[in-house]
Amino acid sequence: MIDGPDLVLPILTLDDDTGWEFLLDLAGTHLDRRGLDRLKSALEHTVKTILVERHYIDKDYRETFSSYHSKKFHTPDARCIRLHFFSDTIERSALHSANEMVARSYLGYSVLRPTRPNCIGRTLLRPEARPGWAGHLCLCEESVYIQGLELRVSGFPFISQDGDATVCAQATLWMLMRYFSNRYPAYPEVYPVEIGNLTRDYSVGRLLPTAGLYVWQMAEALRQVKFAPLVYDRGSFPVSFDHLLYTYIESGIPVLAAFEKHVVMLFGHQSDFSEAGSTLPVAPSPFVFSSQFNRSFIGNDDNGIPYQFLRQTPLGVAWEEMSGGDASYGVEDIRHFIAPLPERVFLPAESFQSLVHKLLVSDEFGFATLSPRILAEPPVLRLFLTTGRGFKKRLSDRDNMGHLGVISAYRDLPLPHFIWVCEISHGSLYPWKVLGEVIWDATRNPYEENAFLAVHYPELLIVDMGTALNRESDVIELALGGSVPYPIYEHNLRERTT
Amino acid sequence: MRQGDVLRLSGMEQAKLFMTAQQYRAFTEKFLEQVRPELDKQREARLLSEEAAKRHLVR
């Protein structure tokens, strides 16, 4: 059924007589068959109602129109159409006042640009818009207004390349930058056409129409907007490449993953913990790493649809392909990834891993010497970066960190803006509970002395008071009687359940 | 006067010295000596990664 096909805001209710094909009429020349097929494949299992917001002025497309399309002899429409998706039937009258059902069933929006070959512009969909999967994701939130009604949507931004101002490199950078600007006020909002300008000083060829970007240019573009990106090459990190990629995502840092000629956004993972209790360390390390449970990375391919998967069948076996785009890729095809670190994170993941690994097997601070409880099973380690503020904010949600002395000490302990954390657990407890952690100053360089802030085992808490108080090291310990396992830290990623 | 020369953490009233400053200095020297070759390799790998990224075009 279509309510008001000639109105500015027609409402398409999908039923036996009215299918997705009707969108081609309602959206006019803004939507082509290819765009319709992509939207339908992403949303057909969840969407019941589509609001077609005509004459929508999209900030991202309008900038491209002003800088590029308006200079052509034959110009496309300066305005867009925005589609709003709902999982329930929505009556027009329900839009005129705050309505819990409308808010609950809102799945997000997609802007249709009058561009070819890709008409799908700025898109933000809730992960629930695609059914039947679970995982952990980086998400940001936006307010959306429909005829004055404010709705909220939480997801990861998506956009397809327009082939003129943006190809996959700019589209993927846009997704990354929009995620950060939505989530953190320190990062500026950047429009697609501006991303090319960020590489103006080191461009190769002309900026418009674009012919693509080198991976190092993408990293430079990120440096222009306050990131301190690190580039990882699979050939230079042959053993740890996938583990490091996972570690950054586990830290809530989306990464740009570059295949031979294409680049995609990865911002989540799916893990299978069903065999955590029987998973063994990969020799010679005595530790199981949480990345060993990872089965898929979740990401956006601008040639496809939001929330796709790079699947990993059992460890050591080939990755399955990402589907839904023009080409298919597997994780083994990722040649580079870029981790857009915040400026003040001076310690990279691989260095933290080496340092904490060495500390945990040392005679002086190691678990084998100090913690019989951890020694009882192969330790499971989860490494992640977070803020000192975020870590403290969630202390109260974590059962006193296993012991009242620990939560009291952590509340007082001065922490840097960014910390690396290595949580220590057992396969029988993971991923729900941990037994301890090491906290490391992420604003140190790897060669500096005295950079750990705390080592927490079930039996004792060791704190370097000197480092915490910005003076010479002063390492003290507190014996912990009656310590219990406590919940893992869950601030970096949001869990999406089936 | 620097802040916090005699500060302590709540909940750690019963804390005791884990290592003297001299012992800890000796530990960190040995620790960094052991881990330095690995850190050096990582630094080299990052530089090689940046070089490789200069030849990798995506579109």
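None of these values were measured; they are calculated from a predicted model. Note on naming: letters A, B, ... go to the chains in the order of the sequence lines (proteins, then strands), and numbering restarts at 1 for each one.
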Revision key, fill the gap. The interface call for A:Asp363 against chain B, heavy-atom contacts under 4.5 Å, is neither
Exercise for review: For each of A:Ile338, A:Val167, A:Val215, tally heavy-atom pairs with chain B at distances under 4.5 Å, and name the one with the top tally.
Suggested key: A:Val215
Check your understanding: Can you say whether A:Ile407 sits under 4.5 Å from chain B via the side chain, the backbone, both, or neither, judging by heavy atoms?
Key -> neither
Exercise for review: Examine A:Phe365 together with A:Phe452 and report whether their ring centres are nearer than 6.0 Å.
Suggested key: yes
**Study point:** Any donor-acceptor N or O pair under 3.5 Å, side chains A:Gln161, A:Asn118
**Key:** no
Check your understanding: Only one of A:Ser354, A:Ser240, A:Ser236 clears side-chain hydrogen bond (donor to acceptor under 3.5 Å, both in side chains) with B:Gln42; which?
Key -> A:Ser354
Point to revise | A:Phe367 ring center near A:Phe287 ring center (under 6.0 Å) | key: yes
**Study point:** Toward chain A, the part of B:Arg43 with a non-hydrogen atom under 4.5 Å
**Key:** side chain
Review point. So, A:Glu364 versus B:Tyr24: side-chain donor-acceptor pair below 3.5 Å or not?
Key: no
Exercise for review: With a 4.5 Å cut-off on heavy-atom pairs, point out which of A:Ser351, A:Gly405, A:Ala169 contacts chain B the most.
Suggested key: A:Ser351
Point to revise | Test log, rule side chain to side chain contact (heavy atoms under 4.5 Å, CB included), inputs A:Lys261 and B:Val58 | key: CA-CA 5 Å; A:Lys261 292 180 179 172; B:Val58 289; 5.9 Å; no
Revision key, fill the gap. Most contact-rich option vs chain A, by heavy-atom pairs under 4.5 angstrom, among B:Thr20, B:Val35, B:Leu39, B:Leu48, is B:Leu39
Review point. Where does A:Leu404 contact chain B at under 4.5 Å (heavy atoms): side chain, backbone, both or neither?
Key: neither
Point to revise | A:Gln217 portion near chain B, given a 4.5 angstrom heavy-atom threshold | key: neither
Practice item. Would you please indicate if the ring centroids of A:Tyr486 and A:His456 are separated by under 6.0 Å? Key: yes
Point to revise | Toward chain B, the part of A:Leu244 with a non-hydrogen atom under 4.5 Å | key: neither
Review point. Do you see a donor-acceptor pair shorter than 3.5 Å between the side chains of A:Asp233 and B:His56?
Key: no
Practice item. Answer with yes or no whether the side chains of A:Tyr202 and A:Tyr214 bring together a donor and an acceptor at under 3.5 Å. Key: no
Point to revise | Proximity breakdown for A:Ser362 and chain B, heavy-atom pairs closer than 4.5 Å | key: side chain
Review point. Highest number of heavy-atom pairs under 4.5 Å with chain B: which of A:Leu230, A:Thr172, A:Val263, A:Thr166?
Key: A:Val263
Contacts table for residues 12-19 of chain B: side-chain donor-acceptor under 3.5 angstrom, sequence neighbours left out:
unit_1, atom_1, unit_2, atom_2, d
B:Glu13, OE1, B:Gly11, N, 3.3
B:Glu13, OE2, B:Arg8, NH1, 3.4
B:Glu13, OE2, B:Gly11, N, 3.4

Practice item. Count the heavy-atom pairs under 4.5 Å between each of A:Val463, A:Leu359, A:Val406 and chain B, then report the option with the highest count. Key: A:Leu359
Revision key, fill the gap. Looking only at A:Ala258, A:Ser408, A:Pro348, A:Ala171, the option with the highest number of non-hydrogen pairs under 4.5 Å against chain B is A:Ser408
Review point. So which part of A:Glu260 gets closer than 4.5 Å to some heavy atom of chain B, the side chain, the backbone, both or neither?
Key: backbone
Study note, to complete from the structure: Turns out that what part of A:Tyr410 lies under 4.5 Å from chain B's heavy atoms comes down to neither
Revision key, fill the gap. Applying a strict 4.5 Å limit to non-hydrogen atoms, the region of B:Lys41 in contact with chain A is neither
Review point. Where on B:Glu38 is there a heavy atom nearer than 4.5 Å to chain A: the side chain, the backbone, both, or neither?
Key: side chain
**Study point:** Qualifying residues under side chain to side chain donor-acceptor pair (under 3.5 Å), relative to A:Tyr457, sequence neighbours excluded
**Key:** none
**Study point:** Portion of A:Leu460 that has a non-hydrogen atom of chain B nearer than 4.5 angstrom
**Key:** side chain
